[in-house]
There are 2 protein chains.
Amino acid sequence: MTEGQPSAALPTGLRERKKRRTRDALLVAALELFTAHGYEETTVDEIADAVEVSQRTFFRYFPGKEAAVFAVQDMVESHFLSELRQRPADEAPFEAMRRAVLCAWDSIGQTVEAIIPVELHMRAYRMIESTPSLLAAHLRRGIVLENRITELIAGREGLDPARDPRPRVAVAAFSGVMRAAGQLWGQRGDGGMESLRALTETHLDALAPALSERWRTP
Amino acid sequence: MTEGQPSAALPTGLRERKKRRTRDALLVAALELFTAHGYEETTVDEIADAVEVSQRTFFRYFPGKEAAVFAVQDMVESHFLSELRQRPADEAPFEAMRRAVLCAWDSIGQTVEAIIPVELHMRAYRMIESTPSLLAAHLRRGIVLENRITELIAGREGLDPARDPRPRVAVAAFSGVMRAAGQLWGQRGDGGMESLRALTETHLDALAPALSERWRTP
DNA sequence: AGTCAACTGTCAGTGGCTGACACTAGTCTC
DNA sequence: GAGACTAGTGTCAGCCACTGACAGTTGACT
């Protein structure tokens, strides 16, 4: 069920350890090949060959080619969610979301590094943004996440998201802005985590003022 | 180039007319089959058979199975864009977008009906929202549209979207909220265009107040 | 009427993905 | 420690979306 995290708990037996190794190997090989030659250009056979397993085995670890790309993303997201759950109840919803992302980024580093180099993950993220089919999948995953956030926020505030549009609307706006920042970061080839963080803060800050007023003569 | 609109101008020769007929036939057959048996469950062969052409021909009219689903969406979007371009320059950006959607919906009806029954189009929209792979494609298309809107809005206001985050942010928020409304409309099985319209207005109105303030005791 | 070009069908092939079945290798029991 | 059990794997066969190449047909234009 918790298939998102590729190797969270310690392995018990030899069998488990072997499984974890193959999975991690497949994951790294896939990302390496994807980022080197392109996602569409890389075949599942090539990934399987690189790890010396059969193609069928790849599909036993990952439901599809796509899933390998988003395995790490899964970890980051669940990190964000738990961070959001821990936010003090008296914070305004938008502020809570804003702080949760930033805190999540502060604390995720090592966990990711245990499985793949962070630098590879960042290359992977840029690939997602620039590969149409992956971008599509990324966005759909975003929606699923949005829905979970909406539930969370509505719960915090004691509202029914089916009746009151505000949780949904706030989350949608938040996610939209986050995505815009991510896109921009991906387009500018430069920059590491710090620049992404700065960009995110700028964008989130710009939202409220941008909505109601006219912008002429900034 | 303007391949989005399936039969905009009048057909000149017999050849043109024939082409248009096959294309429209493929489009209707595809949507009919998709909405009846499900998108994933319908094969391209079945669509081609229904129109009595070869599978290869289908792929000559549509770059992929997906494209058939979004052919009508393409029309609606370009309608929205031209509506937005016509908005008076003194309207605030967010307001201009809001009015452009509503005006576009007022005037699109007949154009769509010329090709497929509106009712079929609405079934198709619900299918998109409830079919993961289509939702993904839908969202990616949304991004492309967002980028074009951003250009437009930035142009209106005489800003460079690469320097000033406000156009991007406002459009992202707008699109996010629009999508949330669409999703909700799709989930509630009921309702036609009017209920979608009402839902959209409610959601857009809720945005600005939802951001900065606390919501307890509404 | 005849040439040209557009449109279409057929065929063969690739790549993602799945079910079925047999085989190998940890694991657990006695 | 040997044998039974079963999770994990490889192999094979097949479906479906999609593509390139080639040949046949049918509007269009002189």
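Sequence lines set the chain letters: A, B, ... in the order given, protein chains first and strands last, and positions in each chain run from 1.
Counting only residues at least two apart or on different chains, no salt bridge (Lys or Arg N to Asp or Glu O under 4.0 Å) pair has a member in residues 126-135 of chain B.
At whole-Å resolution of the value, CZ in B/Arg17 and C1' in D/dT26 are 14 Å apart. Atom P of nucleotide C/dT14 and atom CG of A/Asp45 are separated by 12 Å, given to the nearest angstrom. Atom NZ of B/Lys19 is separated from atom P of C/dT8 by 8 Å (rounded to the nearest Å). Rounded to whole angstrom, the span from the CD atom of A/Glu16 across to the C1' atom of D/dA7 amounts to 10 Å. For the pair A/Glu41 CD and D/dT19 P, the interatomic distance rounds to 14 Å; values are reported in whole Å. In this structure, A/Arg21 atom CZ and D/dG8 atom C1' are separated by 14 Å, rounded to whole Å. Following rounding to the nearest Å, B/Ile47 (CD1) and D/dC16 (P) show an atom-to-atom distance of 13 Å. When rounded to the nearest whole Å, the span between NZ of B/Lys65 and P of D/dT19 equals 14 Å.
Shown here are the ring pair (Phe, Tyr, Trp, His ring centres under 6.0 Å) partners of A/His138, two or more places apart in sequence or in another chain: A/Tyr125. When the ring pair (Phe, Tyr, Trp, His ring centres under 6.0 Å) test is applied to A/Phe59, no partner is found at least two apart in sequence or on another chain. Take B/Glu201 and apply the salt bridge (Lys or Arg N to Asp or Glu O under 4.0 Å) test, not counting sequence neighbours, and it matches B/Arg98.
Among the atoms of the strands shown, none is found under 4.0 Å from any heavy atom of A/Ser133.
A parallel orientation is assigned to the rings of A/Phe174 and A/Phe80, their planes being inclined by less than 30° (bins at 30° and 60°).
Taking only side-chain nitrogens and oxygens, B/Tyr61 never comes nearer than 4.0 Å to OP1 or OP2 of C/dC7.
Residue B/Lys18 has its side chain nearest to D/dG27 when only D/dG27, C/dC7, D/dC16 are considered.
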Working for side-chain contact (heavy atoms from CB on, under 4.5 Å), residues A/Leu27 and A/Tyr61: CA-CA 9 Å; A/Leu27 187 53; A/Tyr61 280 99; over 6 Å; no
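Listed in residue order, the members of residues 52-60 of chain A having a heavy atom less than 4.0 Å from DNA chain C are A/Gln55, A/Arg56, A/Phe59, A/Arg60.
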Which donor-acceptor pairs under 3.5 Å do the side chains of residues 48-55 of chain B make with protein atoms, sequence neighbours left out?
from: B/Ser54; atom 1: OG; to: B/Arg56; atom 2: N; distance (Å): 3.4
from: B/Ser54; atom 1: OG; to: B/Thr57; atom 2: N; distance (Å): 3.3
from: B/Ser54; atom 1: OG; to: B/Thr57; atom 2: OG1; distance (Å): 3.2

